[in-house]
Protein chains: 2
Amino acid sequence: MSSTEDRLFALHAEVCKAMANPIRLKVLSTLQHGEQSVEAMVKSLKLRKANLSQHLAVLRQRGIVATRREGLHIYYRCANPKMLKACAILREVLLEQLAEGGRLINPVNRGRK
Amino acid sequence: MSSTEDRLFALHAEVCKAMANPIRLKVLSTLQHGEQSVEAMVKSLKLRKANLSQHLAVLRQRGIVATRREGLHIYYRCANPKMLKACAILREVLLEQLAEGGRLINPVNRGRK
DNA sequence: CTAAATATATGAAACTATGAAATAATGAAA
DNA sequence: TTTCATTATTTCATAGTTTCATATATTTAG
């Protein structure tokens, strides 16, 4: 079995998992136009420091964002613009689907019918 | 706060979550070149029916795949080629990163299968 | 009925938000 | 210099929630 392929699928899944959270997507969206300090994001996203830090750690571990320290502050930036591109395409699809009548997704609900 | 934006982030996260699994990515990869019956995928992916079915349900619920019934068999296909495009871009990035010295996660097995 | 596909229940593992504690850089005071 | 206080960020411990694979059941078409 192609363990190389399997490894790539696993890696791909890890990246998707890292993006599979609204807060982290919001963070990426924030970083789209340039780097931001943690402090700034805490304020603009209205999150607790610990919580944001954890989400940033997830993105960092997957190599989706990179950091730079400057004195007390740590600045986060997108590590690869292509990832933003992939996000943008998905977003585009979702907007289209919403526009087409939004008969697409049921946010939660794995329950009875 | 733009609850519409938040909704979109949530939706986006749902889609990412649906893709955040190696098996489901493998399924999508399989469907890249055309529709497939569940039976065929059970065989080619070497999975239990119930398990594959669960994964297919996740993809179905998020509108990532669509189905067509023909007699006993149900054929799955990709619902939107753009989603495949987004996947392809991510894959491309990951391959680049692996090539760049694989200082990403676990460098292993650069050989043939 | 039989075969194909889906749905449900269950327990282990992973994810998330939170407050408290720990680490890191800076500057001022002793 | 060393020590202390302050600010910024991360890590830890927790509890509640969600996901996944397995083992059944249940639905659906012929």
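Each chain gets a letter, A, B and so on, in the order the sequences are listed, and its residues count up from 1.
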Quiz item: Are any of A:Arg60's side-chain N or O atoms less than 4.0 Å away from OP1 or OP2 of D:dT10?
Solution: yes
Quiz item: Is it true that the NZ or CZ of A:Arg68 lies under 6.0 Å from the centre of A:Tyr76's six-membered ring and within 45 degrees of the ring axis?
Solution: no
Quiz item: Distance check: side-chain N/O of B:Arg24 vs OP1/OP2 of D:dC20, anything under 4.0 Å?
Solution: yes
Quiz item: Of the candidate nucleotides D:dA21, D:dA8, C:dT18, which contains the atom at the shortest distance from the side chain of B:His55?
Solution: D:dA21
Practice problem: For the side chain of A:Glu39, starting at C-beta, report the closest nucleotide among C:dA7, D:dT9, C:dA17. | Solution: D:dT9
Quiz prompt | A:Leu72 side-chain proximity, nearest of D:dT11, D:dA8, C:dA5 | solution = D:dA8
Quiz item: Under 4.0 Å between a Lys/Arg side-chain N and an Asp/Glu carboxylate O for B:Lys26 and A:Glu5?
Solution: no
Exercise. Report the distance from atom OH of B:Tyr75 to atom P of D:dT28, rounded to the nearest whole Å.
Key: 20 Å
Exercise. Could you walk me through whether B:Lys49 and B:Glu39 pass salt bridge (charged side-chain N to carboxylate O under 4.0 Å, His left out), step by step?
Key: CA-CA 8 Å; B:Lys49 276 185 197 176; B:Glu39 192 184 26; over 6 Å; no
Quiz prompt | Protein-nucleotide distance (A:Gln61, atom CD; C:dA14, atom P), rounded to Å | solution = 14 Å
Quiz prompt | Residue mapping more 5' on DNA chain D - nearest nucleotide basis, B:Glu70 or A:Ile74 | solution = A:Ile74
Exercise. Answer yes or no: is there a side-chain heavy-atom contact under 4.5 Å between B:Leu90 and A:Cys16?
Key: yes
Exercise. Select base, sugar-phosphate, or nothing to describe what B:Leu52 touches, counting heavy atoms under 4.0 Å on all strands.
Key: nothing
Self-check item: Residue-phosphate contact under 4.0 Å: B:Arg48 side-chain N/O, D:dA21 OP1/OP2
Solution: no
Exercise. Provide, to the nearest angstrom, the distance between the CE atom belonging to B:Met41 and the C1' atom belonging to C:dA5.
Key: 11 Å
Quiz item: For A:Asn51 and A:Arg69, take the nucleotide of DNA chain C holding the closest heavy atom to each; which residue's nucleotide lies nearer the 5' end?
Solution: A:Asn51
Quiz prompt | Heavy-atom pair of closest approach, residues B:Leu59 and B:Ala18 | solution = CD2-O, 3.8 Å
Practice problem: Specify the residue among B:Ser37 and A:Ala50 whose closest nucleotide of DNA chain C lies further upstream toward the 5′ end. | Solution: B:Ser37
Quiz item: Just checking B:Ile23: base, sugar-phosphate only, or nothing, at a heavy-atom cut-off of under 4.0 Å?
Solution: sugar-phosphate
Quiz item: What's the NZ-P distance between B:Lys17 and D:dC20, to the nearest Å?
Solution: 9 Å
Quiz item: So, is B:Tyr76 close to the C:dA4 phosphate, meaning a side-chain N or O under 4.0 Å from OP1 or OP2?
Solution: no
Self-check item: Atom-pair distance (CZ on A:Arg62; C1' on C:dA14), nearest Å
Solution: 11 Å
Quiz item: What integer distance in Å separates A:Leu59:CG from C:dT16:C1'?
Solution: 14 Å
Quiz prompt | Minimum-distance nucleotide to B:Gln54 side chain [options: D:dT9, C:dA5, C:dT8] | solution = C:dT8
Quiz item: Just how far, in rounded Å, is C1' of C:dG19 from CG of A:Leu47?
Solution: 16 Å
Quiz prompt | Nearest atoms (heavy-atom pairs only) where B:Leu98 meets A:Leu8 | solution = CD1-CD1, 4.1 Å
Quiz item: Counting side-chain heavy atoms from CB outward, which of C:dA5, C:dA20, D:dA8 is closest to B:Ser53?
Solution: C:dA5
Quiz item: Think A:Asn21 has a side-chain N or O under 4.0 angstrom from the OP1 or OP2 of C:dT16?
Solution: yes
Quiz item: Within this structure, what is the NZ-to-C1' distance between B:Lys49 and D:dC20, rounded to whole angstrom?
Solution: 20 Å
